[in-house]
Amino acid sequence: MHIADAMPSFFCVHGGGPHISLALMNPMTDATATFAETKARVLAFARERDWEQFHAPKNLSMALAAEAAELMEHFLWGTPEQSRDIARDPAKRQKIEEELADVIIYALEFSNMTGIDMAAAVEAKMAANARKYPVEKARGRSEKYTEL
C-alpha cells in the first residue's frame, strides 16, 4: 500500500493535492508519533508544493547525504567529549536538531517514493544486526562483526 492510501482524515484535497494545516494538528513527539503519521505529513508537504516530480530515489539519496554532511559539520574536528558538549549546548542545539530533521525527512520521503515500509525495514535490519553482533561477543566492543 502506498502511504497516500493511508493518510489520516486531517488531509483534505484542494486543487489536486492534499493540504494540511500543521498549526491545527497536534505537535508530534517521539512518544506519540508513528512512522505512518510522520511519513504522511512529509508526503503531504511535498505534494502541496508539487515536489514529488523531483523526488526520484537518486535525488533523495543525494539530498539525504548532503544533509547528513551538514549535521556532521557541527562536530567536525572535535573530540568525542567535545561532540557531546556541542550537542548539549543550547546555542547550537537548534541548528543540530534542524539538520537531523532534514536527514530524517529525506529518509522518510525516500521511503514514501520507493514504497519501503520503514518500520519493517528497521525491524529487519535490527534483527540482522543482532545476528551479526550477538551480545555475548559484541558488548563493549566496537569491532566490525567479522572481527568479533
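Basis for what follows: all heavy atoms, side chains included, without hydrogens, waters or symmetry-related copies.
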- Which value, rounded to the nearest 0.5 Å, describes the distance between Ser61 atom OG and Met113 atom CE? 14.0 Å
- Give me the other members of the hydrophobic cluster that Trp77 sits in, counting Ile, Leu, Val, Met, Phe, Trp and Tyr linked by side-chain heavy atoms under 4.5 Å, directly or via other members. Leu76
- Does a side-chain N-to-carboxylate-O contact under 4.0 Å join Lys92 and Glu99? no
- Query: In Å and rounded to the nearest 0.5 Å, what is the CZ to CZ distance from Arg88 to Arg84?
  - Reply: 8.0 Å
- Kindly check if the number of other-residue, nucleotide or ligand heavy atoms within 6.0 Å of CD (Glu98) is above 12? yes
- Task: Can you establish whether the number of heavy atoms outside Arg139 located under 6.0 Å from its atom CZ is more than 12?
- Result: no
- Query: Of all heavy-atom pairs between Lys39 and Asp117, which one has the smallest distance, and what is that distance?
  - Reply: NZ-CA, 4.4 Å
- Message: Does His55 form a side chain to side chain contact (heavy atoms under 4.5 Å, CB included) with Asn59? I'd like the steps, not just the answer.
- Response: CA-CA 6 Å; His55 289 181; Asn59 295 338; over 6 Å; no
- Single-linkage hydrophobic cluster Met126~Met118, side-chain heavy atoms < 4.5 angstrom: yes
- Pair Val103-Glu70, side chain to side chain contact (heavy atoms under 4.5 Å, CB included): steps then yes or no: CA-CA 9 Å; Val103 169; Glu70 289 181 22; over 6 Å; no
- Whether Arg49 side chain and Phe45 backbone form a donor-acceptor pair below 3.5 Å: yes
- Message: For residues Met72 and Tyr106: do they belong to one hydrophobic cluster (side chain heavy atoms under 4.5 Å, members Ile, Leu, Val, Met, Phe, Trp, Tyr)?
- Response: no
- State plainly whether one hydrophobic cluster holds both Met62 and Leu60, where clusters connect Ile, Leu, Val, Met, Phe, Trp and Tyr through side-chain heavy atoms under 4.5 angstrom apart. no
- Message: If you compare all heavy atoms of Glu143 against all heavy atoms of Tyr133, which two are closest, and at what distance to 0.1 Å?
- Response: O-CE2, 3.6 Å
- Note on the structure: In short, Arg93 meets Ala87 closest at the heavy-atom pair NH1-O, 2.6 Å
- Task: Report yes if the side chains of Ile96 and Ile86 come closer than 4.5 Å at any heavy-atom pair, otherwise no.
- Result: yes
- Message: Please tell me whether Glu109 and Asn112 have a donor and an acceptor in their side chains that are separated by less than 3.5 angstrom.
- Response: yes
- Message: Can you give me the closest heavy-atom contact between Ile116 and Ala121, atom names plus distance?
- Response: CG2-CB, 4.1 Å
- Check whether any side-chain heavy atom of Tyr145 lies under 4.5 Å from a side-chain heavy atom of Asn129, and answer yes or no. no
- Note on the structure: What one should report as the nearest heavy-atom pair of Gln53 and Asp50 is NE2-O, 2.8 Å
- Task: Search all heavy atoms of Ala138 against all heavy atoms of Leu148 and return the closest pair with its distance.
- Result: CB-CD1, 3.9 Å
- Message: Using the rule that Ile, Leu, Val, Met, Phe, Trp and Tyr join whenever any side-chain heavy atoms are under 4.5 Å apart, tell me whether Val122 and Ile105 fall into a single cluster.
- Response: yes
- Message: Take a 6.0 Å sphere around NZ of Lys132 and say whether it holds more than 12 heavy atoms from other residues, nucleotides or ligands.
- Response: yes
